[in-house]
Structures are given as C-alpha cells and as structure tokens.
Amino acid sequence: MDERQRIARFDDMYREAAGDPDKVPWHRLRTRQEVAHWLARERPDGRGRTALVVGCGLGDDAAALAEAGFAVTAFDLSETAVAWAAERHNGPVAAGRITFVAADLTAPPAAWAGAFDLVLEVYTLQAMPAGLRAEAFAVLPTLVRPGGHLLLICSGRAPGEAEHDGPPWPLLRTDLAPLTAGGLVEERFEEITYTFNDQPRRMFRVLYGRPAA
C-alpha cells in the first residue's frame with residue numbers, strides 16, 4: 001500500500017461509519033479544545049476576512065471560525081466527510097459562510113494560492129506519511145496571503161524521544177522548519193503538556209504570519 005492509498009483509507013472509515021460519529025474515533029462533534037481556547041483568547045474579528053480549514057473532518061472547527069465572522073472554506077480529502085460536514089453545518093449559524101469542498105492538501109486548487117487571511121491546520125500533518133507530509137509542508141505557506149496567518153496545532157515530541165509507530169506521528173519542533181523556509185514568520189510558539197491514558201503527552205500550537213507586502 002503506497003502513501004496515498006493509506007490516506008485514502010480515511011474516506012473508507014467515514015463511509016463505514018454510515019452517519020454514526022461515534023464510529024469516527026478522532027471526532028467529538030465540537031470545536032477542538034485547542035482551537036476554542038485560541039479563539040476565546042485572541043478574539044479574532046473575521047468580518048471581511050477569509051479562512052481555510054485543512055482536513056476539516058465533520059466541520060466543527062470551520063463552524064467556530066464562521067461564528068467569528070470569517071468566510072470559511074473547509075476541505076478534506078474525504079468526499080464522505082465533506083458531504084457529512086455540509087449537512088451538519090448548513091444551519092443559520094454558518095449563514096452561508098462555510099464552503100465545504102473535497103481537495104488534496106498536496107495539490108490544492110490554484111485559486112487558493114495566497115488567498116486566505118487565516119489558515120487553520122489541526123492534527124492533519126501528523127497523520128500523513130513522511131513523503132506526503134513533506135509535500136504538505138511545502139504547500140501550506142503558499143495559501144497564506146500577505147499579512148495573513150497560519151495557526152498550526154499538532155502533537156509534539158521532544159528531541160531524543162522515540163518516534164511513534166503511527167499514524168499519528170508526533171512532530172519535533174524542528175520538523176516545522178519548512179514553514180519558515182516557505183516565507184512565514186513564527187510569531188508565537190506554545191508547548192502544552194497534558195496526560196492522556198495516564199501517559200504524558202505534548203502538543204504544539206504555533207502561530208505563523210506572512211509579512212505584509
């Protein structure tokens with residue numbers, strides 16, 4: 001099985017769930033806590049601004065950005081997930097501000113180049129095999145317009161810590177270097193530690209900016 005076939009299996013999981021979110025292990029039908037905390041702290045005003053949600057799944061993070069006023073494009077490789085998300089979030093809260101589309105992060109539509117004021121990437125890169133992840137790292141900076149931002153949230157690991165037999169594959173801070181090499185500037189790096197199943201874990205939440213032209 002090649003790397004793209006591995007990723008395509010995510011769509012199989014959504015289809016096999018047959019509309020039951022309890023069968024999709026990474027979804028909780030609410031905004032991710034790490035995103036909700038950032039939105040509550042920063043209180044971004046999305047009015048008149050665009051946002052892109054990478055690997056949107058069932059769309060709860062996209063809905064949170066829409067509530068903040070952004071015109072949101074949310075995409076996932078899984079066509080099943082995209083259709084499911086659109087069905088869940090077509091209510092009055094989104095008010096037409098979310099466009100759900102099926103797309104591949106490694107080959108996004110040309111119209112997305114430099115098009116977004118905020119790009120949100122949460123736990124997608126760490127689920128990608130190394131070869132595809134390198135392609136995705138190269139693409140992400142190109143989606144951020146001058147003066148815009150990328151908010152990246154991922155599971156992290158410390159130097160010397162054994163690499164997991166993933167997916168997911170927690171990332172080293174140095175693994176994020178392609179983003180600054182791609183023209184972004186790291187504005188804030190947060191390392192958050194927590195306990196999961198009685199085991200210590202770490203998470204990185206990093207805000208990058210693209211300098212205004």
Side-chain angles (χ1 to χ4, degrees), residues 4 6-109 111-112 115-128 132 136 139-140 143-144 148-155 167-168 196 203 205:
R4 292 190 183 277
R6 286 186 185 183
I7 295 297
R9 290 185 64 191
F10 284 104
D11 188 61
D12 294 337
M13 296 184 71
Y14 282 110
R15 285 190 291 104
E16 291 164 5
D20 182 356
D22 290 337
K23 294 181 179 178
V24 183
W26 51 85
H27 288 292
R28 299 293 180 269
L29 299 186
R30 62 177 181 271
T31 308
R32 289 183 176 95
Q33 181 178 353
E34 302 90 330
V35 176
H37 177 270
W38 185 83
L39 288 170
R41 183 182 70 193
E42 302 298 329
R43 298 186 179 279
D45 183 357
R47 291 174 296 179
R49 302 170 68 200
T50 57
L52 180 71
V53 178
V54 178
C56 66
L58 298 185
D60 294 281
D61 293 340
L65 292 183
E67 289 181 23
F70 289 94
V72 181
T73 300
F75 77 95
D76 201 285
L77 190 65
S78 168
E79 294 183 359
T80 305
V82 165
W84 192 348
E87 182 179 356
R88 292 187 62 230
H89 297 287
N90 274 344
V93 172
R97 291 196 300 271
I98 308 177
T99 301
F100 289 101
V101 296
D104 183 345
L105 175 57
T106 66
W112 290 3
F116 298 98
D117 296 291
L118 176 64
V119 176
L120 176 64
E121 199 301 277
V122 187
Y123 298 142
T124 301
L125 292 171
Q126 67 189 43
M128 303 177 77
L132 289 179
V139 168
L140 275 172
L143 304 173
V144 182
H149 290 86
L150 164 68
L151 179 62
L152 172 74
I153 298 173
C154 67
S155 293
F196 181 77
M203 178 265 289
R205 182 169 55 199

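In this chain, numbering begins with 1 at the start of the sequence shown.
Of all heavy-atom pairs spanning F100 and A62, the tightest one is CE2-CB, 4.3 Å. Listed here is the closest heavy atom pair of V139 and P108: CG1-CG, 3.6 Å. Nearest heavy-atom pair across L125 and A136 is CD2-CB, 3.5 Å. The two residues T124 and G55 come nearest to each other via the heavy atoms OG1-CA, 3.9 Å. Between V72 and A66, the shortest heavy-atom distance links the atoms CG2-N, 3.7 Å.
Residue L105 holds its CG atom at 7.0 Å from CG of L143, rounded to the nearest 0.5 Å. Of the inter-residue distances, the one linking E87 atom CD with W84 atom CH2 reads 9.5 Å to the nearest 0.5 angstrom. Between T106 atom OG1 and M128 atom CE the span is 6.0 Å, to the nearest 0.5 Å. Atoms CG and CG, from L132 and D104 in turn, are 7.5 Å apart once rounded to the nearest 0.5 Å. Here CZ of R205 is found 6.0 Å from CD1 of I153. Values are rounded to the nearest 0.5 Å. Atom CD of residue Q126 and atom CE of residue M203 lie 10.5 Å apart, to the nearest 0.5 angstrom.
Looking at heavy atoms from C-beta onward, F75 lies in side-chain contact with V54 at the 4.5 angstrom threshold. You'll find the side chain of V144 stays beyond 4.5 Å of the side chain of L52, heavy atoms only. Counting heavy atoms from C-beta outward, C56 and D61 have side chains that stay 4.5 Å or more apart. For the pair P168 and Y123, the minimum side-chain heavy-atom distance is 4.5 Å or more.
Residues meeting the side-chain contact (heavy atoms from CB on, under 4.5 Å) test with P109, sequence neighbours left out: A103, W112. Residues satisfying the side-chain hydrogen bond (donor to acceptor under 3.5 Å, both in side chains) test with D60, not counting sequence neighbours, are R88. Partners of S78 according to the side-chain contact (heavy atoms from CB on, under 4.5 Å) rule, which considers only residues two or more places apart in sequence or in another chain, are D11, Y14, D76, T80, A81.
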Going through the checks in order, is the side-chain contact (heavy atoms from CB on, under 4.5 Å) test met by E34 and V122?
-> CA-CA 9 Å; E34 302 90 330; V122 187; 5.6 Å; no

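Counting only distance, with no hydrogens or angles, the side chain of D117 and the backbone of A51 share no donor-acceptor pair below 3.5 Å. Remark: the backbone N or O of V101 is not paired with any side-chain donor or acceptor of T73 at under 3.5 angstrom.
Heavy atoms of other residues, nucleotides or ligands lying less than 6.0 angstrom from CZ of R41 number more than 12. Counted within 6.0 Å of CD on E79, heavy atoms from surrounding residues, nucleotides or ligands total 12 or fewer; the atom is thus considered open.
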